[in-house]
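Worksheet: one structure, shown below.
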Amino acid sequence: MKKHNFYAGPSILSEYTIKNTAAAVENFAGMGLSLLEISHRSKEFVAVNDEAQALFKELLEIPAGYEVLFLGGGASLQFCMVPFNLLNKKASYLDTGTWASKAIKEAKLFGEVNVVASSKDKNYTYVPKGYTVPEDSDYFHFTSNNTIYGSELRQDPDLKVRLVADMSSDIFSRPVDVSKYDLIYGGAQKNLAPAGLTWVIVRMDALGHVDRQIPTMLNYKTHAEKESMFNTPPVLPIYSALQTLQWYKQQGGIKAMQKKDEENAAILYDEVDRNKLFHGTVATEDRSIMNVCFVMNDEYKELEDEFSKFASAAGMVGIKGHRSVGGFRASLYNAMPKSSVEALIACMKDFERQH
Ligand SMILES: *Cc1c(COP(=O)(O)O)cnc(C)c1O
């Protein structure tokens, strides 16, 4: 039976990415060796690394003066590396969920952290608005897409302060005005590659302004100066990332992804709103295009397990909601085909008819 992959992360990748990665694991670049056993300094892999960084810049239209880094440690290590490198006195943070609050916790180790607003009061079901960011902040940090709660800040804020964002789960789903940012980061396992790779876009002039000493491996400069080859980078995920980036380009680039992602989300939210069994958990204007969270209406609450079983029998995988929200979450990343979203919708309709 065809499986429909709605996992939140690691998550669906294009068939192009998976097939080409599998082939390179057998025989990389015609070398007669596996991608798993070649030097990261071989000319064949250096070419992959260079092309992946170049294509990353091209697709996102990253202006001059920025570098793209491929690191380890996950987005979670960035919660610490960002303030280590950029927070001198004070930084402002927006608290929109679990990931944002983890970033806040780490930043507090490095200086004054001003939380400008939080949506914790309503279990993170909306994105706060109307807050002010003090102009003397070294930067303003936000999580563009809240993977767990399913809310999204889908534009680049207009502020006098430089921006830093965790875009782990919505990078490449819309054009980004990178020039407003000092730094953007994410774990690759949501819209790019298998787990093990962290990508960072950093404005080089933003570095070198903090008073503290920074350990070599945690200093962005170390990695920027060596094209992310200071130490052994995650070779296989970088290869896969290149495949995904090539696939994005073939599909028509970010605008094509945006169109498809917005259509997929729209048809699923329409069904969530229409179906008598379900309702969405997030304020309508803040709903994520990437992670659609919904729960069963109170009078049908006891059907939740039954729907889970019904959906998995129909081939749906990974729709269980995060434990802090409950219910269901369908993640609709860039590689998600419309046919899978339609299959989930059909499943919701069938289940409604039976009840
Ligand atoms: C998944 C996720 C993280 C954590 O990423 P790791 O690579 O596991 O550290 C951080 N932020 C957001 C928005 C995420 O979706």
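Nothing here was measured: the structure is a model prediction, and the numbers come from that model. Remember, it's 1-based here, ligands and their atoms both numbered in the order they're listed.
For Phe328 and Phe307, the distance between ring centers is under 6.0 angstrom. Ring centroid separation for the pair Tyr93 and His141 comes in under the 6.0 Å cut-off.
Residues Glu152 and Ser169 are not in side-chain contact: their nearest non-hydrogen atoms beyond the backbone lie 4.5 Å or more apart. The shortest side-chain heavy-atom distance between Asp166 and Trp99 falls under the 4.5 Å cut-off.
The protein residues lying under 4.0 angstrom from ligand 1, judged by non-hydrogen atoms, are Gly74, Ala75, Ser76, Phe79, Trp99, Thr143, Asn145, Thr147, Asp166, Ser168, Ser169, Gln189, Lys190.
Neither side chain, Asp170 nor Asn191, offers a donor N or O lying under 3.5 Å from an acceptor on the other.
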In a table with atom names and distances, give each donor-acceptor pair under 3.5 Å that connects a side chain of residues 228-236 to protein atoms at least two apart or in another chain.
| unit_1 | atom_1 | unit_2 | atom_2 | d |
| --- | --- | --- | --- | --- |
| Ser228 | OG | Phe70 | N | 2.9 |

